[in-house]
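In what follows, every chain begins at residue 1, and chains take the letters A, B, ... in the order their sequences are listed.
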Amino acid sequence: MAQKPSTPKGTRDFGPGEMSRRNYIFSTIRQVFEKYGYQPIETPAMENLSSLLGKYGEEGDKLLFKILNSGDYLSKADGQLLEEKDSVKLSTQISEKGLRYDLTVPFARYVVQHRDEISFPFKRYQMQPVWRADRPQKGRYREFYQCDVDVIGSDSLLNEVDLIRMIDEVFENLQINVVVKLNNRKILSGIAQAIGAPEQMTEITVAMDKLDKIGEEPVYAELRERGISEASIEMLKPVLKLRGTSEERLQSLESLIGKTEEGAKGLEELRTILRYLNAFDLKAVLEIDQSLARGLNYYTGAIIEVKAADVQIGSICGGGRYDNLTGIFGMPGVSGVGVSFGADRIYDVLTELELYPETTGSFSQVLITNFGETEEPFALEVLRKLQHAGIAAELYPDPVKLKKQMKFANDKGIPFVLLIGEEERVSEQPTLKNMQTGEQTRTTVDELIRRIHQ
RNA sequence: GUGGAUGUAGCUCAGUUGGUUAGAGCACUGGAUUGUGGUUCCAGGGGUCGUGGGUUCAAGUCCCAUCUUCCACCCCA
C-alpha cells in the first residue's frame, strides 16, 4: 500500500462497467445530433497557446494546462525572467502549446483554417475531452468530456430552435427531467443601459447571475462592491424581483427595458424563439431567466442553460450565440450558435437517479468451458459456429478447475455456459447451462444456437 | 488561487487519556463438492496505519511539511 499508483488529481479511470454506461450516454447524444443533420469532427487535444490565451478571460487563462516545450527549453528563456521567478512571463517562453479548454474555440479555429472546404451553414458536433486546471469538486473534474453541437454561418433563430429541440430530445431519451433556462445577452445589455450603467454590464451580470444561489441582498452588496452606483442598483431591483410565467416576465421586461435599442432587440429574439417552440411539444420546462449570464464573454445573443430538475449538480448543458467568434482568428462577421452537453455530469445525474437501462455488463452471451487439449478441437468448432451465427462467445483459455470457470462466467454476467467434456465431445452434444435458472440440457449445436437466440 | 475537513487490509470502516502481537464486514485463496457458479459451512493469506520529518522510554493516536480525496469561495460542464 506504500506507493499505490494513481491518476493525476481530478482525473479518473473508467472500467468496463462505467464504459458501457458512458457509451450509452454518448450514443444517445450522438443519435440525436445526427438525426438533426450535424456532422462529427475532431480536433487535437493540444492547441497552440496563442489560439487559447485570452479567449476565456483572465480566470480562464489561469485554468489552462500548458505543455512544456520539448528539448532544452530553458536555454531559450530570458535569464532575467528566470532570475525574477516571473512565472507568467516565463511561461510564454518555455511553453507554446496547451490542452484545449473547451471545444468551441478549437471549432472556431477549425472553421477559419478550413473555410475553403466548408459549405455554410456548417453544422458540426464534437465529443472529446477538455482539460481545466481547476480545483476538483463534486461534478467538477480536471479532465471531462463535452459534447458540442454548433451551427456556424447562419443568423437564423431557427438554429436556436433546433438546439433547444435537440436538448429536449436528448434528455427525454435519457429520462432526465430538465429545466431549460433562456436569456439573451442583448437583454442584459439593455438592462445595463436602462439603469444608466452601460459600461458596467459585465460587473452587473456577474453579480446578477448569483441571484439563485445567494439571494437578493447579497447581490446588492456585491454590486456595491463592484462599484455600481446606488441609483443604478435601485433601478435594477425591479429586474431582479421579476417572477412569474415567461409571458409575465417578458411583459415586465418590456416595460423596463423596451425603450433601449438592445433590450428591445433581445426581447424580440426571445419572443420569436418561444413562438417557434410553441409548435413543438417539448417535454422540458422552458424558463425565462433574466439573471442568467454564464461566464463566457463571447456570447452576443441567446444564452441557454440546462439544469437537472431532480439533482443538484450545476448545469449539465449550456451554450448560446456568438456573433463574431471566428473574428479572433481573422474571419469576422460569421455568426454561430451552439450548446455543450457535459457528459460527466450527466453520468453523475444518471447514477444518482439510477436511470441506467439494464444490461448484463458483458458482451459475451456464452462461455465455453475448457477441459483440456482433447476437447479443444470440438470446443473451437462450436465456438466458430456460435460466432458465425452472430452469438458473442468466448472459450475459457486455460483448462483450470471447472469451479473457477463457472465463477468467471458468473462474475462477468455471462448468461450461458457450454460444458464440453469427454462425453459431450464423443456425442457432439454440448451441455448448455442457463446461469440464471441453473437449468441444464444436452443437445446438438444447431439446437442450442436456436435456444440462445430466443 | 483562498479557507476547512479527510487518509488504517483490494473495498467500507472500528481502533479508549499515547502503552504488549492493529481489528470487523465484504472481497480474495483453499477445502466440504478430483465435471458445476450464484446460497451455506470450515480454514487461510493479506496492513512499514498516505508520504517525509519531529516530540517521546514508547506514536495509527501529538506537532510540522507534503500529497490525495471531499466541502465552501472564485469560476464553470
Let's go through A/F341 and A/F33 carefully: what are the C-alpha distance in whole Å and the side-chain angles of both, what is the deciding distance for ring-ring contact (aromatic ring centres under 6.0 Å, His included) to 0.1 Å, and is it a yes or a no? CA-CA 11 Å; A/F341 292 76; A/F33 287 173; 5.7 Å; yes
Does A/Q405 reach a base, just sugar-phosphate, or nothing at all? Heavy atoms under 4.0 Å. nothing
Kindly give the atom pairs (protein nitrogen or oxygen, nucleotide nitrogen or oxygen) under 3.5 Å for nucleotides 30-32 of chain B.
residue, atom, partner, partner atom, Å
B/G31, OP1, A/K401, NZ, 2.9
B/G31, OP2, A/K401, NZ, 2.9

Closest non-hydrogen atom pair, A/E424 against A/F378: O-CE2, 3.7 Å
By nearest atom, which of the nucleotides B/G37, B/C75, B/G35 is closest to the A/L402 side chain? B/G35
Begin from the C-alpha positions of A/N177 and A/D310 and carry the test side chain to side chain donor-acceptor pair (under 3.5 Å) through to its verdict. CA-CA 7 Å; A/N177 295 317; A/D310 310 315; 3.2 Å; yes
So which nucleotide from B/U36, B/C75, B/C73 ends up closest to the side chain of A/E59? B/C75
Atom P, compared across B/C28 and B/C67: separation rounded to whole Å: 37 Å
Under 4.0 Å between a side-chain N/O of A/K210 and OP1 or OP2 of B/C73, yes or no? no
Quote, to the nearest angstrom, the C1' distance that separates B/G18 from B/C13. 22 Å
Look at all strands and tell whether A/G10 reaches a base, only sugar-phosphate, or nothing, counting heavy atoms closer than 4.0 Å. sugar-phosphate
P spacing across the pair B/G1 / B/U66, given as an integer number of angstrom: 12 Å
Reading RNA chain B from 5' onward, which residue's closest nucleotide shows up sooner: A/L419 or A/S315? A/L419
Which atom names give the shortest non-hydrogen contact between A/M435 and A/I414, and what distance separates them? CG-O, 3.5 Å
Mind listing the residues from residues 122-135 of chain A sitting with a heavy atom below 4.0 Å of RNA chain B? Number order is fine. A/R132, A/D134, A/R135
For nucleotides B/U17 and B/C74, find the distance between their P atoms and express it as a whole number of Å. 39 Å
Spacing of A/K62 atom NZ relative to B/C75 atom P, expressed in whole Å: 11 Å
The side-chain hydrogen bond (donor to acceptor under 3.5 Å, both in side chains) partner of A/Y322 among A/T104, A/D150, A/T300 is A/D150
Testing the basics here: between A/V151 and A/P121, what is the closest heavy-atom pair and its distance to 0.1 Å? CG2-CB, 3.9 Å
Spacing between A/D61 atom CG and B/C76 atom C1', to the nearest angstrom: 15 Å
In whole angstroms, how far is the C1' atom of B/U39 from the CD atom of A/Q436? 16 Å
Round to the nearest Å and state the distance from A/D411 atom CG to B/C28 atom C1'. 11 Å
Measure from the side-chain heavy atoms of A/M435 and tell me the nearest of B/C73, B/G37, B/C75. B/G37
With a 4.0 Å cut-off on heavy atoms, is A/C317 in touch with a base, just the backbone sugar-phosphate, or nothing at all? sugar-phosphate
Name the nucleic acid region contacted by A/E143, choosing base, sugar-phosphate or nothing; use a 4.0 angstrom heavy-atom cut-off, strictly under. nothing
Check the phosphate of B/U68 against A/K9, side-chain N and O only, distance under 4.0 Å to OP1 or OP2. Yes or no? yes
First of A/R142 and A/E423 reached from the 5' end of RNA chain B, by closest nucleotide: A/E423
Distance between C1' atoms of B/C49 and B/A14 (Å, rounded): 13 Å
Say you pick atom P in B/A27 and the same atom in B/C41; how far apart are they, in whole Å? 12 Å
Could you please spell out the steps behind the side chain to side chain contact (heavy atoms under 4.5 Å, CB included) verdict for A/I195 and A/I233? CA-CA 8 Å; A/I195 66 171; A/I233 294 177; over 6 Å; no
B/U16 and B/U8, which share atom name P, separated by this distance in whole Å: 16 Å
B/C28 phosphate, OP1 or OP2, under 4.0 Å from A/K407 side-chain N/O: yes
Checking B/G35, B/A77, B/C75 against the side chain of A/V206 (C-beta onward), the nearest is B/C75
Ion pair present between A/E423 and A/R442, side-chain N to carboxylate O less than 4.0 angstrom? yes
Quick one: which residue pairs count as a salt bridge (Lys or Arg N to Asp or Glu O under 4.0 Å) with a foot in residues 31-53 of chain A, not counting sequence neighbours? A/K35-A/E169, A/E47-A/R109
Counting only side-chain heavy atoms from C-beta out, which of B/G35, B/C76, B/U36 sits nearest to A/M406? B/U36
Can you find a pair of side-chain heavy atoms, one from A/Q440 and one from A/L419, that are under 4.5 Å apart? yes
Round to the nearest Å and state the distance from A/R442 atom CZ to B/U36 atom P. 15 Å
Check every strand shown and say whether A/F408 touches a base, only sugar-phosphate, or nothing at a heavy-atom separation below 4.0 Å. nothing
Does A/N173 form a side chain to side chain donor-acceptor pair (under 3.5 Å) with A/T28? I'd like the steps, not just the answer. CA-CA 7 Å; A/N173 290 349; A/T28 302; over 6 Å; no
Atom CG of A/D209 and atom P of B/C73: how far apart are they, to the nearest Å? 13 Å
Say you pick atom C1' in B/U2 and the same atom in B/U48; how far apart are they, in whole Å? 36 Å
May I ask you to test the A/D13-A/T7 pair for a side-chain heavy-atom distance under 4.5 Å? yes
Who passes side chain to side chain contact (heavy atoms under 4.5 Å, CB included) against A/E59, sequence neighbours left out? A/K62
Measure from the side-chain heavy atoms of A/Q137 and tell me the nearest of B/G38, B/C75, B/C74. B/C74
Could you state the OH-P distance from A/Y56 to B/A77, rounded to the nearest angstrom? 11 Å
Under 5.5 Å between ring centres and under 30° between planes: does that hold for A/F144 against the base of B/A77? yes
Any pair counted as salt bridge (Lys or Arg N to Asp or Glu O under 4.0 Å), so long as it reaches residues 377-387 of chain A, sequence neighbours left out: A/E381-A/K385
What nucleic acid atoms does A/G139 come within less than 4.0 Å of, heavy atoms only: base, sugar-phosphate, or nothing? base
Starting at the 5' end of RNA chain B, write a dot or bracket for each base, bracketing those in Watson-Crick or G-U wobble pairs whose two distances are under 3.5 Å and using | for partners on another strand. (((((.(..((((.....[...)))).(((((.......))))).....(((((..]....)))))).)))))....
Is it the case that the ring center of A/F26 lies less than 6.0 angstrom away from the ring center of A/Y145? yes
